[in-house]
Amino acid sequence: MIPARLIATIRDGGTPPAADLAEFAAGLASGAVSDAQAGAFAMAVLLKGLSEEGRIALTRGMRDSGRVMTWDLPGPVVDKHSTGGIGDSVSLLLAPALIACGAYVPMISGRGLGHTGGTLDKLEAIPGLRTQLTEADIQAQLRYCGGAIVAATADLAPADRRLYAIRDVTGTVESIDLITASILSKKLAAGLEALVLDVKCGSGAFMKTPERAEALARSLVAVAQGAGCMTSALITDMSQPLATAAGNALEVIEVMETLTGTSVNTALWDLTVALGGEVLAMAGLAADVADGEARIAQALEGGAAADMFGRMVARQGGPSDFVERWPDRLPAAPVVAEVPALEDGHVVAIDGEALGFAVVGLGGGRRREGDRINPSVGLSDLAGLGEEAGVGVPLALVHAATEDAAAEAVRAVQAAYRIGPGEVEELPLVMKRIG
Ligand code: URA
């Protein structure tokens, strides 16, 4: 395989041989492919696309660029993956709920990306908690408490780690072929038997239209199933934040309120139940999706999911009394400011991407790779679509490190909300199922 020739073939609309794509993926991991070649490859794929065969070959090549995990456990190994949104902390509810229902969950998660929040950053808002475990630690933790929410180990899909960093800085993130290969190379390397995908659609997602979201969902499901992993996808609404907080510790608070029943967030609950029902049915732990949904709801309601969450947190180095004492254990920002609405009417549109970048601006996400995150900052009490708004009435609360940062975030949130007359047609949370 000659990288320049492979790139030129894609640039000219052709499909390179599968073996060459696999070799290119191996070259990304070994360093045989240069940064310039990786960037040119990503741009050629974004502009011209790969055939389905090419997409499968690239995904498999990236999966096989590192270790593929295998398991010897008495139950099915499952996971879910979200394509990324705002106020979406479902993973923290779903992993323990699935474990409580008899599944094993090696949840290999990511950090915030662009305007979207990342599960690892949220979890690390819990003092002492570690997400960088070795494969041996992950294996031991699954045997001990059924699941782990962790970062990819150094040798899991290394081709993706390299290509992802290059895509992030070359304007080549939004390619369906590359997103498919990126997500699935990691998920398939985790040795899953069943996977549910939450493909977000709307202003806070990478896929802004139902057509693009459906194309991504179909691509992900086809490639994952083709690789032998039972997979379905739900296309879900991201035209507004999923829950009412965006920011790491603030989202953990909403998770704990929902897990412990002190104040249940309906959207978080409903999406956790819908995604969990899919996984349990595919994995044979429920008779069908409806039965799976009932089991997940019971795990949440009866406190089993909260117990499992506590065990995972403690095992990963967090406080052993987190489920009982979470209000005392999470960091809080020193400045809390209201975001007053500037008009009367109803919330008719929310720019989710702008809200996500407001959190990044507060220090809750990274401007550059390697930036340190402030876990305490973010937004809470976010008004939803259709909600009545009045001049001076708060649309949200900003949690900031300084008064200046708060003032800037207040302006950003005000600009992200469109308030107008009339009714808003709210989309269903689950827009479509593919599988
Ligand atoms: N998440 C990933 O892991 N990769 C992508 O390309 C997009 C979202």
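The analysis underlying the following values was restricted to heavy atoms, covering all of them including side chains, and did not include hydrogens, waters or symmetry mates. These numbers were taken from a predicted model, which means no experiment stands behind them.
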Passing candidate, side chain to side chain donor-acceptor pair (under 3.5 Å) with S380, options E251, H399, E254: H399
Is a donor on one side and an acceptor on the other found under 3.5 Å between the side chain of Y417 and the backbone of A383? yes
Check for a donor-acceptor pair, side chain of K186 on one end and backbone N or O of R161 on the other, with a separation under 3.5 Å. no
Is the shortest heavy-atom distance from the side chain of V78 to the side chain of L192 under 4.5 Å? no
Evaluate L242 against L268 for side chain to side chain contact (heavy atoms under 4.5 Å, CB included), listing each step before the verdict. CA-CA 7 Å; L242 179 63; L268 275 182; 3.9 Å; yes
Which of these passes side chain to side chain donor-acceptor pair (under 3.5 Å) with K187: D79, T231, T59? D79
Does any pair with a residue in residues 278-301 pass ring-ring contact (aromatic ring centres under 6.0 Å, His included), and if so which ones, sequence neighbours excluded? none
Give a yes or no answer on whether the side chain of E257 reaches the backbone of T262 with a donor-acceptor pair at less than 3.5 Å. no
Rounded to the nearest 0.5 Å, what's the gap from CG on L58 to CG on D20? Could you check? 12.0 Å
If you look at every heavy atom in P16 and I10, which pair is closest and at what distance? CG-CG1, 3.7 Å
Measure the spacing between CZ of R60 and OG of S185 and express it to the nearest 0.5 Å. 13.0 Å
Less than 4.5 Å apart, side chain to side chain, heavy atoms only: is that true for V273 and L300? yes
Side chain to side chain contact (heavy atoms under 4.5 Å, CB included) test vs T153 passes for just one of I138, I108, L133, namely I138
Just checking K208: does its NZ atom have more than 12 heavy atoms from other residues, nucleotides or ligands closer to it than 6.0 angstrom? yes
With a 6.0 Å cut-off (strictly less than), is the heavy-atom count around CD of E53, excluding the residue itself, greater than 12? no
Tell me whether S175 contacts the main-chain N or O of L178 through its side chain, where contact means a donor paired with an acceptor under 3.5 Å. yes
What are the two closest non-hydrogen atoms of D288 and A281, and how far apart are they? C-CB, 3.6 Å
Donor-acceptor under 3.5 Å (E193 side chain, V77 main chain): yes
Residues 103-126 vs ring-ring contact (aromatic ring centres under 6.0 Å, His included), sequence neighbours excluded, gives H115-F206, H115-F357
Short question: side chain of R366, backbone of D371 - any donor-acceptor pair under 3.5 Å? yes
Side chain to side chain contact (heavy atoms under 4.5 Å, CB included) evaluation trace for V323 with M256: CA-CA 7 Å; V323 173; M256 294 316 295; 4.2 Å; yes
Is P210 close to I235 at the side-chain level, that is, under 4.5 Å between some pair of heavy atoms? no
Using modelled atom types and a 3.5 Å cut-off, is there a donor and acceptor pairing between side-chain atoms of R162 and backbone atoms of L28? yes
For residues T244 and D381, determine if any side-chain heavy atom of one lies less than 4.5 Å from a side-chain heavy atom of the other. no
I'd like to know if the side chain of T15 reaches the main chain of G54, judged simply by a donor and an acceptor atom lying under 3.5 Å from each other, with no hydrogens or angles considered. no
Heavy-atom pair with the smallest gap, counting every atom of P76 and G102: CD-O, 4.0 Å
Spatial distance of atom CD (Q132) from atom CD (E124) [nearest 0.5 Å]: 8.5 Å
Look at the side chain of S203 and the backbone N and O of I350, then say whether any donor-acceptor pair between them is shorter than 3.5 Å. yes
Quick one: are D321 and R329 in side-chain contact, heavy atoms under 4.5 Å? yes
Atom of I434, atom of A217 and distance for their closest heavy-atom approach: CG1-CB, 3.9 Å
Find out whether R11 and M43 are in side-chain contact, i.e. whether some heavy atom of one side chain is under 4.5 Å from a heavy atom of the other. no
In chain order, what residues pass the side-chain hydrogen bond (donor to acceptor under 3.5 Å, both in side chains) check against D198, with sequence neighbours excluded? K200, T236
Side chain to side chain contact (heavy atoms under 4.5 Å, CB included) evaluation trace for R143 with L73: CA-CA 7 Å; R143 283 193 295 276; L73 293 163; 3.7 Å; yes
Locate the shortest heavy-atom distance separating A401 from P334; write the atom from each residue and the value. O-CG, 3.5 Å
Which heavy atom of K80 sits nearest a heavy atom of L94, and at what distance? CG-CD2, 3.4 Å
CG/L163 to CZ/F41 distance, rounded to the nearest 0.5 angstrom? 6.5 Å
Are I166 and D35 close enough that some pair of their side-chain heavy atoms sits under 4.5 Å apart? yes
Spacing of OG1 belonging to T170 relative to CG belonging to L46, to within rounding of 0.5 Å: 9.0 Å
Could you tell me whether D307 and R311 make a salt bridge, using a distance below 4.0 angstrom between a side-chain N and a carboxylate O? no
State, without any angle test, whether T134 and D137 hold a side-chain donor-acceptor pair at a distance under 3.5 Å. yes
Under the 3.5 angstrom rule, does the side chain of S65 hit a backbone N or O of M62 as a donor-acceptor pair? yes
Any salt bridge between E174 and R212, counting N to O under 4.0 Å? no
Short N-O contact, R218 and E52, less than 4.0 angstrom: no
Would you say that V339 contacts V398 through its side chain, given a criterion of any heavy-atom pair below 4.5 Å between the two side chains? yes
Residue pair I99, C145: steps toward the side chain to side chain contact (heavy atoms under 4.5 Å, CB included) verdict: CA-CA 8 Å; I99 299 164; C145 65; over 6 Å; no
What's the spacing between I7 CD1 and I2 CD1 if we round to 0.5 Å? 11.5 Å
Lys/Arg-Asp/Glu bridge criterion (N-O < 4.0 Å) met for D160, R63: no
